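Model, not experiment: these values are computed from the prediction.
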Amino acid sequence: MALPEKQPVQKKFIDPVAVKKSISQRLVVNNITKIIFLIGLLFGLVVLGILLSGVVRDGAAWLSLDFLQNAPSRRPDRAGIYPALMGSIFLMLLIIPMIFILGVGAAIYLEEYAKKGRMTSFIEVNISNLAGVPSIVFGLLGLTFFVRNMGFGSTLIAGALTLALMSLPVVIVSSQEAIRAVPQAMRHASLALGASKWQTTFKVVLPASLPGVITGIILAVSRAIGETAPLIMVGAAIFIARAPEGIFSEFTALPIQIYNWTSRPQADFQGLAAAGIIVLMVILLTMNSLAIWIRNRFSKRY
């Protein structure tokens with residue numbers, strides 16, 4: 001039986017003209033997209049610059065040492081921001097240990113000890129979803145659970161617990177990413193030298209991931225102290241003439257004080273609000289700069 005003759009293979013050559021035309025079209029699309037993105041970036045920067053210049057113009061004249069040391073007053077020339085400033089500082093001091101212990105502990109358990117499965121994936125997905133929940137929802141939860149059910153009332157500890165609860169999902173997710181970035185070879189080397197699982201986690205994994213963990217905590221706290229809605233829901237004081245003396249004291253915070261001044265019709269109080277915004281921005285920029293410095297200074301490439 002005769003074998004069928006093989007058809008000759010036709011070689012297809014690349015048309016250089018078509019290739020050149022395709023590359024030219026892609027370059028045009030790339031340049032147009034780049035210009036659109038640049039316009040969007042410049043538009044955002046211009047709007048931000050206009051807003052910041054307006055705030056600085058209105059509030060710079062009210063910034064002084066007396067403004068930082070005085071209590072709020074009905075007279076704008078005597079009004080200050082001291083109780084609100086101290087309230088925000090106390091909130092930060094309470095929030096940081098809470099979210100460090102609970103957030104980092106949860107991240108370590110999920111990454112190092114929990115068995116990978118549907119339940120773990122379900123928990124991680126819900127934690128990520130909680131990071132995008134509006135802050136007022138956490139305020140309602142804090143009002144129901146901490147203020148009423150636990151009987152804390154409208155106190156500093158209720159506000160700190162509410163803001164810590166709001167910050168926990170962000171800290172857990174960022175800590176998981178930092179722990180996940182530690183190479184498995186470091187864990188294996190520690191275990192091979194006879195270290196236990198906990199010793200490996202505590203003395204190898206956690207120190208290596210600490211820069212990323214601290215960065216996430218600072219960013220979460222900087223977001224928390226700029227929130228107004230949760231504090232309004234838990235009953236933070238709109239007007240208070242003294243700084244908090246303990247965790248069960250009444251309190252106010254910088255966003256609440258700024259909100260109070262902006263609601264006044266007098267032009268002088270608008271200037272005080274702008275000065276308060278400048279103080280809050282300085283704190284936020286300082287904390288974000290600290291986070292960037294820690295990340296660049298202590299992060300290691302493996």
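- The shortest heavy-atom contact between Y82 and A243 is CE2-CB, 3.9 Å.
- Shown here for G159 and V234, the closest heavy-atom pair between the two residues is CA-CG2, 4.2 Å.
- Atoms CG and CE, on L156 and M86 in that order, are 10.5 Å from each other to the nearest 0.5 Å.
- When side chains are defined from C-beta on, F145 counts as touching M150, because their heavy atoms get closer than 4.5 Å.
- Note that CG of L140 is 4.0 Å distant from CE of M233, once rounded to the nearest 0.5 Å.
- Through direct or relayed side-chain contacts under 4.5 Å between Ile, Leu, Val, Met, Phe, Trp and Tyr, V47 connects to F43, L51.
- Listed by chain and number, the residues in a side chain to side chain donor-acceptor pair (under 3.5 Å) with E245 amount to none (sequence neighbours excluded).
- For the pair E250 and S154, the minimum side-chain heavy-atom distance is 4.5 Å or more.
- Criterion: ILVMFWY side-chain heavy atoms under 4.5 Å apart, direct or through other members. Under it, I258 and I240 are not part of a common hydrophobic cluster.
- Using a 4.5 Å heavy-atom threshold, the side chains of S175 and V213 count as touching.
- Considering all non-hydrogen atoms of both residues, W261 and A79 come closest at CZ2-CB, 4.2 Å.
- With hydrogens and angles left out, the side-chain atoms of E227 and S135 include a donor and acceptor closer than 3.5 Å.
- Note that CG of D77 is 8.0 Å distant from CG of D268, once rounded to the nearest 0.5 Å.
- Taking the side chain as every heavy atom from C-beta outward, V221 and I217 approach each other to under 4.5 Å.
- Residue V133 is grouped with residue F122 when hydrophobic side chains (ILVMFWY) are merged at heavy-atom distances under 4.5 angstrom, including chains of intermediate members.
- With sequence neighbours left out, the side chain to side chain contact (heavy atoms under 4.5 Å, CB included) criterion links L27 to I23.
- Of the possible donor and acceptor atoms, one in the side chain of S88 sits under 3.5 Å from a partner among the backbone N and O of L254.
- In this structure, I136 and A229 approach most closely via the heavy-atom pair CB-CB, 4.1 Å.
- Both F202 and I179 belong to a single network of hydrophobic side chains, linked directly or stepwise wherever heavy atoms of I, L, V, M, F, W or Y lie under 4.5 Å apart.
- Between N260 and Q257 the shortest side-chain heavy-atom distance falls below 4.5 Å.
- Separation of atoms OG1 (T252) and CG (L85) is listed at 11.5 Å; rounding is to 0.5 Å.
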Tabulate below the donor-acceptor pairs under 3.5 Å that side-chain atoms of residues 89-111 make, not counting sequence neighbours, or state none.
| from | atom 1 | to | atom 2 | distance (Å) |
| --- | --- | --- | --- | --- |
| E111 | OE1 | R180 | NE | 3.4 |
| E111 | OE2 | Q176 | NE2 | 3.0 |
| E111 | OE2 | R180 | NE | 3.4 |
| E111 | OE2 | R180 | NH2 | 2.6 |

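- With hydrogens and angles ignored, the 3.5 Å screen pairs no side-chain donor or acceptor of E112 with any backbone N or O of K197.
- Taking the six-membered ring for Trp and thresholds of 30 and 60 degrees, F152 and F248 have ring planes inclined between 30 and 60 degrees apart.
- With hydrogens and angles disregarded, a donor-acceptor distance shorter than 3.5 Å links the side chain of R187 to the backbone of V182.
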Apply side chain to side chain contact (heavy atoms under 4.5 Å, CB included) to the pair T155 and F251, showing each step before the final yes or no. CA-CA 6 Å; T155 57; F251 75 103; 5.6 Å; no

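- L141 and V137 fall within a single hydrophobic cluster, where Ile, Leu, Val, Met, Phe, Trp and Tyr are joined by side-chain heavy atoms under 4.5 Å apart, directly or via other members.
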- prompt: When you look at N126 and L130, which way does the side chain to side chain contact (heavy atoms under 4.5 Å, CB included) test go after all the steps?
  reply: CA-CA 6 Å; N126 280 276; L130 285 174; 5.5 Å; no

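- Of all heavy-atom pairs between P255 and L280, the closest is CG-CD2, 4.4 Å.
- For the atom pair CG (L206) and OG1 (T201), the distance works out to 8.5 Å, reported to the nearest 0.5 Å.
- Hydrophobic clustering (side-chain heavy atoms under 4.5 Å, transitive across Ile, Leu, Val, Met, Phe, Trp, Tyr) keeps Y113 apart from L191.
- Surrounding CZ of R264 are more than 12 heavy atoms belonging to other residues, nucleotides or ligands, all under 6.0 Å away.
- Contact of the N288 side chain with the L219 side chain is registered, since non-hydrogen atoms from C-beta on lie closer than 4.5 Å.
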| message | Go through it in stages, so that I can follow the logic: the residues are I32 and F37, the test is side chain to side chain contact (heavy atoms under 4.5 Å, CB included), and I'd like the CA-CA distance, side-chain angles, deciding distance and then a yes or no. | response | CA-CA 9 Å; I32 293 174; F37 290 159; over 6 Å; no

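- Take S121 and apply the side chain to side chain donor-acceptor pair (under 3.5 Å) test, not counting sequence neighbours, and it matches no residue.
- Pairing each heavy atom of F67 with each of A275, the nearest pair is CZ-CB, 3.7 Å.
- By the 4.5 Å heavy-atom criterion applied to side chains, Q199 and V204 are not counted as neighbours.
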Output side-chain donor-acceptor pairs under 3.5 Å for residues 162-172, partner residues at least two apart or in another chain, one line each.
| from | atom 1 | to | atom 2 | distance (Å) |
| --- | --- | --- | --- | --- |
| T162 | OG1 | A158 | O | 2.8 |
| S167 | OG | L163 | O | 2.8 |

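- Taking 4.5 Å as the limit, some side-chain heavy atom of E124 sits within range of a side-chain heavy atom of K116.
- Rounding to the nearest 0.5 angstrom, the gap separating the OG atom in S53 from the CG atom in D58 is 9.0 Å.
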